[in-house]
K.L.:
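My structure is below; once you've seen it, I'll send some questions.
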Amino acid sequence: MEVDQSFIAAVLTVIGYSINATVVIFDRVREERKLYPKRDIKTHVNAAINQTLARTINTSGTTFVTLLMMFIFGGETIRGFLFALLVGVVCGMFSSVCLAGPIVYQISSREAKDAEAKK
């Protein structure tokens, strides 16, 4: 695969796609913390991921199928762009579902420890 302008555009598109999905999970955790302040952070993160999992799978799945069809039946000129998008959609879904939760948990746990130490 040749790295050209369209490949770079695809990588930037995928980064934006992944960041958007990650922000949705972060926002759900924030909403959960406001609604249920007595719950622990594990429960908040789990609820946030469960609420966004179906949305993420549906969005990524339909995007992946569409890109795959375009990759198979499309022309040679856009094949590099579509390949980068295909890989990116899978990686973006993984990062938003599997990595966003642990990141929020680590940050929140560290904040709680710092708050506890200041008391």
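Quantities reported herein were computed from a predicted structural model and do not represent experimental measurements. As a basis for the values below, the full set of heavy atoms in this structure was taken, side chains included, without hydrogen atoms, waters or symmetry mates.
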K.L.:
What is the distance from atom CG of Leu53 to atom CG of Asn58, rounded to the nearest 0.5 Å?
P.N.:
9.5 Å

K.L.:
Please name the pair of heavy atoms, one in Val97 and one in Ile49, separated by the smallest distance, quoted to 0.1 Å.
P.N.:
O-CD1, 3.8 Å

K.L.:
Please report the closest heavy-atom contact between Ala100 and Phe26, naming both atoms and the distance.
P.N.:
O-CE2, 3.5 Å

K.L.:
To the nearest 0.5 Å, tell me how far Phe81 CZ sits from Met70 CE.
P.N.:
7.5 Å

K.L.:
Side-chain donor-acceptor contacts of residues 102-115 below 3.5 Å, not counting sequence neighbours, with atom names and distances?
P.N.:
unit_1: Ser108; atom_1: OG; unit_2: Arg33; atom_2: NH1; d: 3.2
unit_1: Ser108; atom_1: OG; unit_2: Val104; atom_2: O; d: 3.0
unit_1: Ser109; atom_1: OG; unit_2: Tyr105; atom_2: O; d: 2.8

K.L.:
Can you list every pair that meets side chain to side chain donor-acceptor pair (under 3.5 Å) and has a residue in residues 82-91, with sequence neighbours left out?
P.N.:
none

K.L.:
Would you list the atom pairs, donor with acceptor, under 3.5 Å between side chains in residues 85-93 and any protein atom, with sequence neighbours excluded?
P.N.:
none

K.L.:
Kindly give the heavy-atom pair with the smallest separation between His44 and Glu32, and that separation in Å.
P.N.:
CE1-O, 3.2 Å

K.L.:
Which one of Leu67, Leu68, Thr66 satisfies the side-chain contact (heavy atoms from CB on, under 4.5 Å) criterion with Phe64?
P.N.:
Leu68

K.L.:
Rounded to the nearest 0.5 Å, how far apart are OG1 of Thr52 and CZ of Arg28?
P.N.:
6.5 Å

K.L.:
What pairs with Thr43 under side-chain hydrogen bond (donor to acceptor under 3.5 Å, both in side chains), at least two apart in sequence or on another chain?
P.N.:
Asp40

K.L.:
Kindly work out whether a path of hydrophobic side-chain contacts (I/L/V/M/F/W/Y, heavy atoms less than 4.5 Å apart) joins Ile72 to Val65.
P.N.:
no

K.L.:
Return the set of residues passing salt bridge (charged side-chain N to carboxylate O under 4.0 Å, His left out) with Arg30 (not counting sequence neighbours), or none when no residue passes.
P.N.:
Asp27

K.L.:
Hydrophobic clustering (ILVMFWY, side-chain heavy atoms < 4.5 Å, transitive) - are Ile25 and Ile41 grouped together?
P.N.:
yes

K.L.:
Remaining members of Tyr36's ILVMFWY cluster at a side-chain heavy-atom cut-off under 4.5 Å?
P.N.:
Leu35

K.L.:
Could you pull out all donor-acceptor pairs under 3.5 Å where a side-chain atom in residues 15-23 meets a protein atom, sequence neighbours excluded?
P.N.:
unit_1: Ser18; atom_1: OG; unit_2: Ser95; atom_2: OG; d: 2.7
unit_1: Thr22; atom_1: OG1; unit_2: Ser18; atom_2: O; d: 2.8

K.L.:
Check side-chain contact (heavy atoms from CB on, under 4.5 Å) between Asn46 and all other residues, then give those that pass, not counting sequence neighbours.
P.N.:
Asn50

K.L.:
Can you name the closest pair of heavy atoms from Thr56 and Ser96 and give their distance?
P.N.:
CG2-OG, 3.9 Å

K.L.:
What residues, two or more places apart in sequence or in another chain, satisfy salt bridge (charged side-chain N to carboxylate O under 4.0 Å, His left out) together with Glu76?
P.N.:
Arg79

